[in-house]
Amino acid sequence: MAECTTAVVLAAGLGSRMRRDAEGATLDAAQAAAAARGMKAMIPDTRGRPFLDHVLSSLADGGVRDVCLVIGPGHAAIRDHYQLRPPQRVALSFVVQAAPTGTADAMLTAEAWTAGRDIVVLNADNLYPVAAIRALVELDGPGCVAFDRAALIRESNIDAARIGAFAVMTLRPDDTLSGIVEKPGDVPVDGDWISMNIWRFDHHIFPACRDVPLSPRGEHELPLAVALAISRGMRIHAVRLHAGVLDLSHRGDIADVARRLGDREIAP
């Protein structure tokens with residue numbers, strides 16, 4: 001199978017957590033303005049470069065060449081920014097998710113753009129290791145990256161108290177995904193393998209995205225669509241990775257993430 005050089009980046013969320021004030025969060029004017037609009041992907045690092053530039057640069061480093069950014073109707077500033085400063089190593093397209101009804105619906109917004117191609121799918125507010133992207137690009141079929149819980153806590157800006165905000169994966173002995181529990185929160189879920197919502201899919205994911213029921217949060221969520229696809233026979237190979245991910249979910253994350261990225265050389 002050929003390498004997967006196309007990606008869909010999910011950036012249409014409202015950023016509700018980012019909009020909330022965080023005690024002790026010290027932001028510069030540009031960071032505060034982006035946070036107030038919930039535009040996590042556009043929050044600048046200490047050199048003024050938007051977080052999304054880092055995401056696009058990592059995608060290019062990992063072998064992706066064609067990127068579709070799913071944005072919300074109030075996110076025209078993202079499109080405007082990249083029309084004035086187009087990335088040099090990836091071709092960037094935009095689709096608009098009319099309402100923030102979940103990541104499975106965001107996937108459906110991009111279905112026509114994919115034109116039947118395999119795609120890497122990831123969040124706009126996470127910076128993943130290039131090794132994770134490269135592994136999915138080179139994988140022979142649908143897959144995911146399963147992050148080791150201890151490594152995430154050790155090497156990310158995600159502490160143990162926040163791990164419950166991320167889905168837990170269960171893997172078969174042959175390293176295929178057997179199940180996924182979305183946002184277990186305070187409910188104890190056994191498992192050392194965490195999903196940070198980075199995937200490789202073929203076109204068979206879209207029927208599951210259409211059919212997935214509403215989650216307890218009232219959204220059509222991609223991890224639940226994945227679970228439905230698995231129940232229908234889709235085999236998803238899990239790449240186990242002991243590495244960290246930078247997470248830009250809350251206003252309190254901004255200063256630390258911006259500092260970590262300030263010395264990073266990138267080429268979107």
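Everything numeric in this text was worked out from a predicted model, so none of it was measured.
With respect to the salt-bridge test (charged N to carboxylate O, under 4.0 angstrom), the residues D61 and R89 qualify. Classification of R240 and D148 as a salt-bridged pair fails, no side-chain N sitting under 4.0 Å from a carboxylate O. With salt bridges taken as basic N to acidic carboxylate O contacts below 4.0 Å, one links R47 and E265. Note on D159 versus R162: no salt bridge recorded, every NZ/NE/NH1/NH2 to OD/OE distance being 4.0 Å or above. Under the 4.0 Å criterion applied to side-chain N and carboxylate O atoms, R65 and E3 are not assigned as salt-bridge partners. Ion pair R210/E111 flagged as a salt bridge, since at least one NZ, NE, NH1 or NH2 atom sits closer than 4.0 Å to an Asp/Glu carboxylate oxygen.
For an aromatic pair to be called close, the ring centres must be under 6.0 Å apart, and H237 with W199 fails this.
When atom types are taken as modelled, the side chain of Q31 and the backbone of D28 share a donor-acceptor pair closer than 3.5 angstrom. Y128 places no side-chain N or O within donor-acceptor distance of the main-chain N or O of L122, the cut-off being under 3.5 Å. For R134 (side chain) and G62 (main-chain N/O), a donor-acceptor pair under 3.5 Å exists by modelled atom type. When atom types are taken as modelled, the side chain of S57 and the backbone of A267 share a donor-acceptor pair closer than 3.5 angstrom. Of the possible donor and acceptor atoms, none in the side chain of D211 sits under 3.5 Å from a partner among the backbone N and O of A208. The main-chain N or O of I158 is never found under 3.5 Å from a side-chain atom of S156 such that the two would form a donor-acceptor pair. Proximity of a side-chain donor or acceptor of Q88 to a complementary backbone N or O of P86 within less than 3.5 Å is detected. Judged by distance alone, the side chain of H220 and the main-chain N or O of T103 form no donor-acceptor pair under 3.5 Å. The backbone N or O of G143 lies less than 3.5 Å from no partner atom in the side chain of R200, so there is not a single donor-acceptor pair.
Under a hydrophobic-cluster definition in which Ile, Leu, Val, Met, Phe, Trp and Tyr are linked whenever side-chain heavy atoms come within less than 4.5 Å, directly or via other members, L92 and M42 are assigned to the same cluster. In the hydrophobic clustering of this structure, V145 does not group with V130; members are Ile, Leu, Val, Met, Phe, Trp, Tyr whose side-chain heavy atoms approach within less than 4.5 Å, directly or through other members. Both I163 and L246 are part of a single hydrophobic cluster, where members link through side-chain heavy atoms under 4.5 Å apart. Under a hydrophobic clustering in which Ile, Leu, Val, Met, Phe, Trp and Tyr are joined whenever their side-chain heavy atoms come within less than 4.5 Å, directly or via other members, F206 and I180 fall into the same cluster. Under a hydrophobic clustering in which Ile, Leu, Val, Met, Phe, Trp and Tyr are joined whenever their side-chain heavy atoms come within less than 4.5 Å, directly or via other members, I133 and L152 fall into the same cluster.
In this structure, CE on M169 lies 10.5 Å from CE on M196, to the nearest 0.5 angstrom. Taken from CG in L52 to CG in L69, the straight-line distance is 5.5 Å, to the nearest 0.5 Å. M39 contributes atom CE, which lies 4.0 Å from atom CD1 of I78 (distance to the nearest 0.5 angstrom). A distance of 5.0 Å separates CG in D247 from CG in N126, rounded to the nearest 0.5 Å. A distance of 8.0 Å separates SG of C209 from CG of D105, quoted to the nearest 0.5 Å. To the nearest 0.5 Å, atoms CG (D256) and CZ (R259) are separated by 4.5 Å.
Residues R85 and H81 bring a donor and an acceptor atom of their side chains to less than 3.5 Å of each other. In this model, a donor atom of one side chain and an acceptor atom of the other lie less than 3.5 Å apart for S215 and E221. Residues N197 and N123 bring a donor and an acceptor atom of their side chains to less than 3.5 Å of each other.
The shortest distance between side-chain heavy atoms of V226 and L177 falls below 4.5 Å. Between C4 and V64 there is no side-chain heavy-atom pair separated by less than 4.5 Å. When side chains are defined from C-beta on, R260 counts as touching N157, because their heavy atoms get closer than 4.5 Å. The shortest side-chain heavy-atom distance between L127 and R264 falls under the 4.5 Å cut-off. Here the side chains of F94 and W113 are not in contact, with every heavy-atom distance at 4.5 Å or above. Proximity of D174 to R235: side-chain heavy atoms (C-beta onward) are separated by under 4.5 Å at one or more points. The closest side-chain heavy-atom distance from L59 to V67 is below 4.5 Å. In this structure the side chain of L171 never reaches within 4.5 angstrom of the side chain of T176, judged on heavy atoms.
Classified by interplanar angle (parallel below 30°, tilted 30° to 60°, perpendicular above 60°), the ring pair F51/H54 is tilted.
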Item checked: Verdict with reasoning, D53 to R49, per salt bridge (charged side-chain N to carboxylate O under 4.0 Å, His left out) -> CA-CA 7 Å; D53 273 6; R49 302 169 300 180; over 6 Å; no
Next item on the list: May I have the step-by-step check of side chain to side chain contact (heavy atoms under 4.5 Å, CB included) for F201 and M107, ending in yes or no?
Entry: CA-CA 11 Å; F201 295 123; M107 285 284 294; 3.8 Å; yes
Note to self: Run the side chain to side chain contact (heavy atoms under 4.5 Å, CB included) test on D202 and R117 for me, step by step, so that the C-alpha distance in whole Å, both residues' side-chain angles and the decisive distance to 0.1 Å come before the verdict.
What the structure shows: CA-CA 7 Å; D202 60 20; R117 297 172 291 180; over 6 Å; no
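For D263, the CG atom is loosely surrounded, since the number of other residues' heavy atoms within 6.0 Å does not exceed 12.
In terms of heavy-atom proximity, P129 sits nearest to V245 at CD-CG2, 4.1 Å. Smallest separation of non-hydrogen atoms from A77 and R37: CB-NH1, 3.9 Å. When all heavy atoms of I205 and A225 are compared, the closest pair comes out as CD1-O, 4.4 Å. Y82 and P87 get closest at one heavy-atom pair: CD2-CD, 3.9 Å. The shortest non-hydrogen separation linking I43 to A34 is CG1-CB, 3.7 Å. The two atoms that bring H203 and P207 nearest to each other are O-CD, 3.6 Å, heavy atoms only.
S178 is linked by a side-chain contact (heavy atoms from CB on, under 4.5 Å) to T170, R172, counting only residues two or more places apart in sequence or in another chain.
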